[in-house]
Engineer: 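Attaching a single structure in structure tokens format; questions to follow.
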Amino acid sequence: MKQGKPHKSLYGVMAQFDNPSQLVAAAKETYAAGYRQINGYSPFPIEELSEAIGFRRTALPLIVLIGGILGGLGGFFMQYWMEVIDYPINVGGKPFNSWPAFIPITFECTVLVAAFSAVLGMLALNKLPQPYHRVFNAPHFALATRDSFFLVIESKDPKFDHDEAVRFLKTLDPREVVDVEL
Amino acid sequence: MKQLGYTPPTELKGISMRALIVGVVFLVLLAIGAFVDRAQFFRAYLVGFVFWSGITLGSLALLMLQHLTGGVWGLIIRRVLEASTRTLPLMVILFVPIIIGLKSLYPWTDTAFMHQTEALAQKISFLNPGFFIIRAAIYFAFWSACAGLLNWFSLLQDRTDQKRHRKRMQMVSGPGLAFLIVSITFAAIDWVMSLEPGWSSTIFGLIFVAAWSLSALSFTILVMSWLTRRAPMNEVVQRSHFHDWGNLLLALVMLWTYFAFSQYLLIWSGNLPEETAWYVARKHDGWGVIALAIVILQFAFPFLTLLSRAAKKSADRLATLALLILIMRVLDVIWLIEPAYYREHFHLSWMDIVAPIAMGGLWIATFAWQLQKRSLMPINDPQIEQALEPVHEH
């Protein structure tokens with residue numbers, strides 16, 4: 001542990017854990033201790049983790065919902081325009097606006113646009129692609145894609161005090177605690 | 001971490017007893033109905049039978065599915081599904097009155113009617129009482145063999161802690177699931193579609209596979225929400241498990257809708273009189289109201305509700321939705337069966353409600369009695385540690 005560094009040059013402090021249960025427990029305690037600018041890193045999604053770090057809501061479901069609705073309406077009225085307005089053909093005496101026949105394409109367009117909204121919305125909200133991130137300054141962070149679990153208290157947290165944060169993380173029984181430089 | 005003995009709550013004994021009393025009381029009511037209107041009695045009886053055998057067979061399908069896919073969601077509900085499949089002997093006994101009422105139920109028992117047109121006459125070699133009963137015997141024999149083997153291996157696994165039992169259950173489930181879908185298709189054709197022998201739909205059986213699985217999962221979610229409030233399952237079940245079941249429920253709601261709408265779309269597009277007659281009989285007066293209710297409450301409302309993550313994670317909200325779906329499933333079965341007899345006018349008999357309750361009493365009594373016989377968790381399953389681990393990997 002390096003002592004006496006000014007906060008301005010730090011991204012945060014990082015604790016490394018061996019298993020997901022430890023990480024979730026540590027995240028819960030850190031949140032309970034009043035830290036709000038915290039983040040967890042793991043090789044696979046841990047559903048409980050986002051709740052533990054106080055990550056409650058994102059705009060993504062709304063983006064997907066709007067995408068789905070627009071896709072559905074677009075799919076339906078695309079067919080309506082083609083079959084009723086632009087090029088009406090009498091098929092088997094059915095009405096031009098044969099809405100039951102439009103349903104499959106409407107459904108497919110709903111799924112298609114919703115899926116695109118989900119992927120693109122997720123990338124935009126996560127500010128991805130992002131070739132560089134400061135957490136990679138931590139020495140063992142590459143293990144986050146293999147078998148290690150990390151918790152970071154960021155220096156922008158209003159409660160952040162370097163020595164206090166390090167002392168606190170050490171009480172959570174981590175493998176090690178390191179500084180992440182800016 | 002691994003604690004032995006997930007003893008089922010003792011309240012199950014009382015529930016079994018009370019369900020039996022309800023079943024017997026309503027059965028007496030139904031028996032009175034048999035003297036009032038014999039034909040209507042059998043129709044209502046068929047409604048009850050198709051609904052409850054659907055939960056038994058849907059549970060068998062879900063049980064096989066979870067053996068094949070693995071996953072903690074299935075491990076936790078496995079004992080509930082197994083107990084549901086052990087109601088199969090009851091359903092075999094309850095099938096006997098349908099054989100007795102064959103002449104009241106199925107128009108193809110009338111040979112004069114079947115010789116009216118050439119198309120119907122061609123079907124006599126398939127639709128006749130002898131072959132109908134033989135086929136039913138084959139279905140029940142196959143289902144009993146699958147359910148029996150799966151329950152037996154599961155019991156052996158509890159006792160002996162050997163890996164091979166898991167493998168054996170998977171070996172039964174693979175081919176079993178394939179033939180289960182075929183056998184349910186035939187059962188749906190025999191028991192329900194043949195009520196109108198002139199009509200046919202090739203997707204009819206798949207609608208039943210989806211609908212019965214939907215019934216079974218809804219019932220299982222209700223049972224789990226009850227068990228989760230009591231020891232020992234309150235220590236095992238987490239919100240994330242309800243989330244998983246909610247997702248599966250959403251998938252089954254969509255699967256049922258997909259099949260049911262496909263049938264409607266094809267018949268609507270083809271616009272052939274012998275096919276459309278089936279829907280024409282089911283969309284006027286009260287039948288039309290029920291059809292609309294099914295679209296809204298068995299598809300639109302559950303679909304939109306289940307999009308919400310919070311609704312899936314809340315045991316209470318998911319259980320309420322499951323109860324709604326079960327009620328709609330009864331209406332759906334009534335809507336599939338009764339218009340075959342009341343084509344011109346809407347007619348709902350008090351027996352249509354009494355019969356599902358009477359059979360439900362017997363069914364739940366059997367289910368609760370079977371559920372309390374075994375540990376609520378398969379304690380020697382290789383996945384048990386993962387199931388009891390508080391953090392889940394996705």
Engineer: Does B:W199 use its side chain to pair, donor to acceptor, with the backbone of B:E275 at less than 3.5 Å?
Structural biologist: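 Confirmed, B:W199 side chain pairs with B:E275 backbone.
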
Engineer: If only atom types and distance count, is the side chain of A:D157 paired as donor or acceptor with the main-chain N or O of A:Y35 below 3.5 Å?
Structural biologist: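 No, because the side chain of A:D157 does not come within donor-acceptor range (under 3.5 Å) of the backbone of A:Y35.
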
Engineer: Give the intermediate values and the outcome of side-chain contact (heavy atoms from CB on, under 4.5 Å) for residues B:W245 and B:I77.
Structural biologist: CA-CA 10 Å; B:W245 301 326; B:I77 57 172; 3.4 Å; yes

Engineer: Using 4.0 Å as the upper bound for N to carboxylate O, is an ion pair formed by B:R282 and B:E196?
Structural biologist: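 Salt bridge between B:E196 and B:R282, a charged N being under 4.0 Å from a carboxylate O: yes.
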
Engineer: Atom CD of B:Q298 and atom CG of B:D332: how far apart are they, to the nearest 0.5 Å?
Structural biologist: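 If we round to the nearest 0.5 Å, B:Q298:CD and B:D332:CG are 4.5 Å apart.
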
Engineer: Measure the spacing between CZ of A:F17 and OG of A:S42 and express it to the nearest 0.5 Å.
Structural biologist: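 Reported to 0.5 Å precision, the distance equals 13.0 Å.
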
Engineer: Side chain, backbone, both or neither: which part of B:Y258 has a heavy atom under 4.5 Å from chain A?
Structural biologist: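 Answer is neither: B:Y258 stays 4.5 Å or more from chain A.
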
Engineer: Parallel, tilted or perpendicular, judged at 30° and 60°: which one describes the rings of A:Y80 and A:F76?
Structural biologist: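 Rings of A:Y80 and A:F76: parallel, as their planes differ by under 30°.
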
Engineer: Could you state the interatomic distance from CD (A:Q79) to CZ (A:F77), rounded to the nearest 0.5 Å?
Structural biologist: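 One finds 11.0 Å between CD of A:Q79 and CZ of A:F77.
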
Engineer: Give me the contact list for residues 140-154 of chain A versus chain B, heavy atoms only, anything under 4.5 Å, ordered by residue number.
Structural biologist: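 Those residues of residues 140-154 of chain A which would need a heavy atom under 4.5 Å from chain B do not exist here.
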
Engineer: For B:A281, what residues pass the side chain to side chain contact (heavy atoms under 4.5 Å, CB included) criterion, not counting sequence neighbours?
Structural biologist: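 Scan of B:A281 (side chain to side chain contact (heavy atoms under 4.5 Å, CB included), adjacent residues dropped) gives B:R343.
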
Engineer: Output the residues of residues 83-106 of chain A for which the shortest heavy-atom distance to chain B is under 4.5 Å, in residue-number order; output 'none' if no such residue exists.
Structural biologist: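 The list, in residue order, reads A:K94, A:S98, A:P100, A:A101, A:I103, A:P104.
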
Engineer: Once ring-ring contact (aromatic ring centres under 6.0 Å, His included) is applied, do any residues pair with B:F346, and if so which ones, sequence neighbours excluded?
Structural biologist: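 So B:F346 forms a ring-ring contact (aromatic ring centres under 6.0 Å, His included) with B:W287.
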
